[in-house]
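Chain A is the first sequence line, chain B the second, and so forth, proteins listed ahead of strands; every chain is numbered from 1.
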There are 2 protein chains.
Amino acid sequence: MMEQQASVDQATHCPVNELPIFAGLGDKFREALKKVESDAVNYSAAETIYSAGAEAQNFYVVRDGYVKLFKTTLSGKDQIIRIVKPGELFGFDGLVDVLYNHSAVPLKHATVCRIPVERLRTLGDQRPEVERLIMVRCIKELQHADERLLELGAKRSAERLASFLLSWCGGTPSGKWTPLVLSRLEIAQLLGLTIETVSRLFAQWKRASLVEEKRQALRILDLKLLQQVADSRE
Amino acid sequence: MMEQQASVDQATHCPVNELPIFAGLGDKFREALKKVESDAVNYSAAETIYSAGAEAQNFYVVRDGYVKLFKTTLSGKDQIIRIVKPGELFGFDGLVDVLYNHSAVPLKHATVCRIPVERLRTLGDQRPEVERLIMVRCIKELQHADERLLELGAKRSAERLASFLLSWCGGTPSGKWTPLVLSRLEIAQLLGLTIETVSRLFAQWKRASLVEEKRQALRILDLKLLQQVADSRE
DNA sequence: CGGCTAATTGAGAGACGTCAAATTTGGTGG
DNA sequence: CCACCAAATTTGACGTCTCTCAATTAGCCG
C-alpha cells in the first residue's frame, strides 16, 4: 500500500561471524564466515526493505528492531505474516526462488544484516553446516506458521489478541512493562481483525484491569485470566 | 479428537533412492541413499500416522494418497494446517524437536515412506545435499504457509473456498473432473469455516453453474468467474 | 429395504465489520 | 511551555457475514 523505496541510511560492513545464529559452530567455521561480505543496513519506519514480487537477491538477519513480513490481497488488504525479532532470519525466498513472495518493512526502525544469496550459497557449498542451520531455522518458522494458522482459522478475536499479547510479553517477567511496537492497525493486520475490534478489546480489558497501557508500553495485570481468555475458557 | 492408533497394515522396504524428491541428484548419491533403511507404510482413513505431542521419530514422504496435518485447540476445534500430496514431505519436526507439534492423518488412505530421523541425520552428515534438499522443500512449505495465512486472515468465506477449489483442481486440465478427497468437514477445517457455510457456497455455485459435483469428484465449469470470486471482485 | 452418516437447508443469534463522529496522542512551531 | 494540527485511537450505531441449532434430505453399506 505504502510505496516508498528505502533511502538506506548507510551500509557498513556487518561481521557475519559474530551473528548469534552462527554461535556455537566452532572457531574454524567462524573464521570462514569472516570472508562473507555483508552489510549492516539501517531502515527507518515506512522504508521498504523489499516488496513482494521484487528480485530476491538478499538474505537477512535482524540485528536490532523488528521487521514485519506481509502479503497484500488483490483487493488491497494487508496480512502480516510474521514479526521478525532480533537474531531471527528472513528473506528465505531467495534461496529457492527468483522473487520474494511477501514484503518486508520495519516496525518503527530496524538494523538488519544483508547477505547476498549467492554469497550464502557459495558458503553453503563449502560449509554444509550453514545450510543445516538455515534448515533448522526454517523448520522453526514452519512450526510458528502452523501455530498462527491455528489462531487465524480456529479462534475468535479475543482469543487471538490474548494469545498475541501473551506471546509478545512472553519474554518479559510478569507484571513488567513491555514496549508495544505495533500500532492498532498492525495488530489488526497480524490477527486478521479490524482496528476497531482490537481497540474495543483493549478498552474492555483495561476496564476489567486485565492489562494496562502507557504510551507505547503494555503491562499484563492478570496473567492467569488472560491465559484463560486465550484458550476460550471464560 | 478421533483417537486411534494406527494398526499399520504392513511395512515393506521403501527404496528411498527412487523417491522423486531425490531425483536429479547424481547416481553416486542415489547409490548412497540405497543404504538408508526406510519402510513403506500403508494407512487407511482414520488411522493416525502421528499425534501432536508424540515423539518425533520419523520423517515422511507421501508415496500415494493424501495426508492432512492438523492442530487442535484446547477447546477441541481442529484446524488443518496442510494437505500433503504425493511426492511431498512431512514430519520436519523431528529434525529439530523431540515432539511433533501437529498431528498427521491420511485423507481416506495413504502410503507413506517412513524414514527414521537419526538415519536421515546420519545421511545428512555424509551428504550435505540431503539437507539442502530438505531446506529447499521447507522454504517452499513456508511460502505455502504464508499464502494460507493471507487466506485465513484477509479473505472471506467465498474467496477462501474459491481459491481452494482452484488450487485443488489446479493440476487438472480445465473442464475435467477432479477427485475431491475431502469431506465438507475437512474443507471447513482447512478454511477456518463451518460445514454449513461450505455447503451453502457449494449449493449456490452449483445453482449458478460455476462448478459441478458428482460423487466425490468436482468439475469447474466457469473458471474465469471462479477466479474472480477468489479475488473478491464480483 | 432399513439404518447410519454425511450433507443440505432454514431460521435465528451473535460476532465482527463498516461507517461516522468524537477524542486522544504526538509532533511542530511560535 | 503552550497552542495547534494531523494522525491514531476510541466509541457508538448499525449492517451483515458467518456460526449455531435444528430439522430434513441424500448417499452408502450391509
His102(A) and Asp93(A): CA distance, side-chain angles, deciding distance, side chain to side chain contact (heavy atoms under 4.5 Å, CB included) verdict: CA-CA 9 Å; His102(A) 59 242; Asp93(A) 288 348; 4.0 Å; yes
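Going from atom CD1 of Ile187(A) over to atom C1' of dT10(D) covers 14 Å, rounded to whole Å.
Under the 3.5 Å distance criterion, with hydrogens and angles disregarded, no donor-acceptor pair is assigned to the side chains of Asp146(A) and Gln79(B). Side-chain atoms of Ser51(A) and Thr48(A) form no donor-acceptor pair, as typed in the model, at a separation below 3.5 Å. Side chains of Asp97(A) and Gln143(B): a donor-acceptor N/O pair is present below 3.5 angstrom, by distance only.
Chain B approaches DNA chain C within less than 4.0 angstrom (heavy atoms of the protein), and the contacting nucleotides run 5' to 3' from dA7(C) to dA11(C).
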Does the protein touch nucleotides 19-30 of chain D at the base, only the backbone, or not at all? Give it as B, S and - per nucleotide, heavy atoms under 4.0 Å. SBBB--------
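For the side-chain hydrogen bond (donor to acceptor under 3.5 Å, both in side chains) test, residues two or more places apart in sequence or in another chain that qualify with Ser163(B) are Glu151(B). Residues that satisfy the ring pair (Phe, Tyr, Trp, His ring centres under 6.0 Å) test with Tyr60(B), not counting sequence neighbours, are Tyr50(B), Phe90(B).
For the helix from dC1(C)-dG30(D) to dG30(C)-dC1(D), the terminal axes (five pairs an end, C1' atoms, rotation from four pairs onto the next four) enclose an angle of 40°, given to 10 degrees.
Contact record, Leu193(A) with Arg160(A): CD2-NH1, 3.7 Å, taken as the closest heavy-atom pair.
Figure legend: Arg184(A) and Phe202(A) shown as a cation-pi pair, the cationic atom lying under 6.0 angstrom from the six-membered ring centre and within 45 degrees of its axis.
Among pairs with a residue in residues 163-177 of chain B, none fulfils salt bridge (Lys or Arg N to Asp or Glu O under 4.0 Å), at least two apart in sequence or across chains.
Ionic pairing of Glu213(A) and Lys206(A) is present here: one or more N-O contacts between side-chain nitrogen and carboxylate oxygen are shorter than 4.0 angstrom.
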